[in-house]
Amino acid sequence: MRILLTGGTGYIGSHTAVELLKLGYDVELMDNLFNSKITVLDDIEKITGVRPAFHKIDLLDKVGMDELFKNGRYDLVIHFAGLKAVGESVKKPLKYYENNVGGTINLLESMKKYGVKKIIFSSSATVYGEQGVAGLTEEMQTGVGITNPYGETKHIIEEILKDVAEAEPEFEATILRYFNPVGAHESGLLGEDPNDIPNNLMPIIMKVAIGEISELSVYGNDYDTVDGTGMRDYIHVVDLAMGHVAAIDHMKPGVSVYNLGTGRATSVLEMVAAFEKESGKKLPYKIAERRPGDLAIIYANPAKALNELGWETKLTIEDAMRDTINYLDKKFKTRA
Ligand code: WQD
């Protein structure tokens, strides 16, 4: 089976590429390198012994996409590519709609033209908006109370996939709704290394740990949670990658949706404490105002993925912190 990973040099794409290559899949990567580095290919090769073919193409480059699919002979696309900075999406909505939605339409048109009928799509728990947040299940309503254009693009793409599946009976789409990806590969060679300014908790903790940022601002400690700080379902990126591997073996006509999370929520201060425990160092932080749009608690009910894909998370917050610190050591030669 030949698989194309769009956004394949990105954080989740690269970790998924490693697991697929280890299993002997025929994998090719495509990325515009806007938010990732070409050196990721070297790291993938060091880990797996295989250097996957790489195509530097932007989803919006119709000619490049047509050329890629004319020659690709792909059986399946795993679609990671997309802008994902929530805060930036509020400031630059058109950039997000053009890139994420427009780019996906280009991708789907190329797939249709060259007979590629299977797609796994990287979606997000953000599509649940402000619905019931305790133990989110796939049946819960989406698209209501989404607080940012980034989340809207994910929701719109999900709706596009459903409509394409209605129009084309042989089309097979699996939507994977990620919760909060964290951690790094155990080798310390791959991890979250965004080019843009991160707004997620873990990349910011990483920047505080290596001294790029002086302290972490904890966005609010007056939520109705274990310690007043926000709680999220942090899933190790390698567990997340394995969720994609599990999905491949269960593709079927129509649209299938799975929440990929641990089913447990961890607070910001619990994440700080876990990082300090693994690193043996204090992490400077201050309590700041709540961030607009944030909810108190969000976590998955991952039962459907276990029942239908035979997948569940195996790695812990402590594993994620250990692997992140190891990554920082190797990548930045800095003892976090
Ligand atoms: C987590 C917790 C913050 C930064 C977003 C996207 C979602 C997905 C994951 C892509 C919250 C707190 C954060 C900081 C803090 N991304 N925090 N100080 O908002 O749950 O989800 O990223 O799919 O789609 O919406 O993740 O990491 O931004 O925040 O206190 O400097 O950490 O308030 O409680 P979030 P996050």
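Treat the numbers as computed from the prediction; the structure is a model and nothing was measured.
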- Given D75 and K117, is the salt bridge (Lys or Arg N to Asp or Glu O under 4.0 Å) satisfied, shown in steps? CA-CA 7 Å; D75 301 299; K117 300 182 185 337; over 6 Å; no

- Can you name the closest pair of heavy atoms from N99 and G82 and give their distance? ND2-CA, 3.9 Å

- Answer yes or no: is there an ion pair linking E318 with K277, defined by an N-O contact shorter than 4.0 Å? no

- Message: Take a 6.0 Å sphere around CD of E186 and say whether it holds more than 12 heavy atoms from other residues, nucleotides or ligands.
- Response: no

- Message: To the closest 0.5 Å, what do you measure between OH (Y327) and CD1 (I325)?
- Response: 14.0 Å

- Message: I'd like to know if the side chain of D323 pairs up with that of H185 as donor and acceptor (distance under 3.5 Å, no hydrogens or angles considered).
- Response: no

- Message: Are F80 and H244, when compared by the centres of their aromatic rings, separated by less than 6.0 Å?
- Response: yes

- Does a salt bridge link E172 with K252, judged by any charged N lying under 4.0 Å from a carboxylate O? no

- S267 and T229 have their tightest heavy-atom pair at CB-OG1, 3.3 Å

- Message: Please tell me whether T137 and N301 have a donor and an acceptor in their side chains that are separated by less than 3.5 angstrom.
- Response: no

- Task: Check whether the side chains of N259 and Y128 place a donor and an acceptor atom closer than 3.5 Å, and report yes or no.
- Result: yes

- Are more than 12 heavy atoms from other residues, nucleotides or ligands located less than 6.0 Å from atom CG of D249? yes

- Message: Quick one about Y258 and E308 (side-chain donor to acceptor, distance below 3.5 Å, no hydrogens or angles considered), yes or no?
- Response: yes

- Note on the structure: Minimal heavy-atom distance between N326 and S187, with the atoms involved, is ND2-C, 3.8 Å

- Can D66 and K113 be counted as an ion pair, charged N to O under 4.0 angstrom? yes

- Message: Tell me if the NZ atom of K62 is crowded by more than 12 foreign heavy atoms within 6.0 Å.
- Response: no

- Validation row, ring centre F69 to ring centre Y74 under 6.0 Å: yes

- Taking atom CD of E166 as the centre, report whether more than 12 heavy atoms of other residues, nucleotides or ligands fall under 6.0 Å from it. no

- Between K91 and E88, is the closest basic N to carboxylate O distance under 4.0 Å? no

- Query: Only one of E158, K154, R177 clears side-chain hydrogen bond (donor to acceptor under 3.5 Å, both in side chains) with S123; which?
  - Reply: E158

- How long is the span from the CZ atom in F275 to the CD1 atom in I317, to the nearest 0.5 Å? 13.0 Å

- Message: Testing the basics here: between A265 and I297, what is the closest heavy-atom pair and its distance to 0.1 Å?
- Response: CB-CG2, 4.1 Å

- Using only heavy-atom distances, determine whether the side chains of E28 and H55 contain a donor-acceptor pair under 3.5 Å. yes

- With a cut-off of 6.0 Å (strictly less than), are more than 12 heavy atoms of other residues, nucleotides or ligands near NZ of K304? yes

- Item | Steps toward side-chain contact (heavy atoms from CB on, under 4.5 Å) verdict (T313, L240) | CA-CA 8 Å; T313 55; L240 192 55; over 6 Å; no

- Note on the structure: d(L295 CG, E130 CD) to nearest 0.5 Å is 5.5 Å

- Determine, stepwise, if the pair L76 / M1 fulfils side-chain contact (heavy atoms from CB on, under 4.5 Å). CA-CA 8 Å; L76 161 70; M1 179 186 281; 4.0 Å; yes

- Query: Can you name the nearest heavy-atom pair linking Y96 to T153, along with the distance?
  - Reply: O-CG2, 3.7 Å

- Task: State the CG-CD1 distance between L20 and I3, to the nearest 0.5 angstrom.
- Result: 5.0 Å

- Is D319 salt-bridged to K314, cutoff N-O under 4.0 Å? no

- Message: If you count every heavy atom of other residues, nucleotides or ligands that lies below 6.0 Å from Y25 atom OH, does the total exceed 12?
- Response: yes

- Query: Salt-bridged, K331 to D193, with N to O below 4.0 Å?
  - Reply: yes

- Query: Charged N to carboxylate O below 4.0 Å: is that the case for K112 and E170?
  - Reply: no

- Between R322 and E278, is there a salt bridge with N-O shorter than 4.0 Å? no

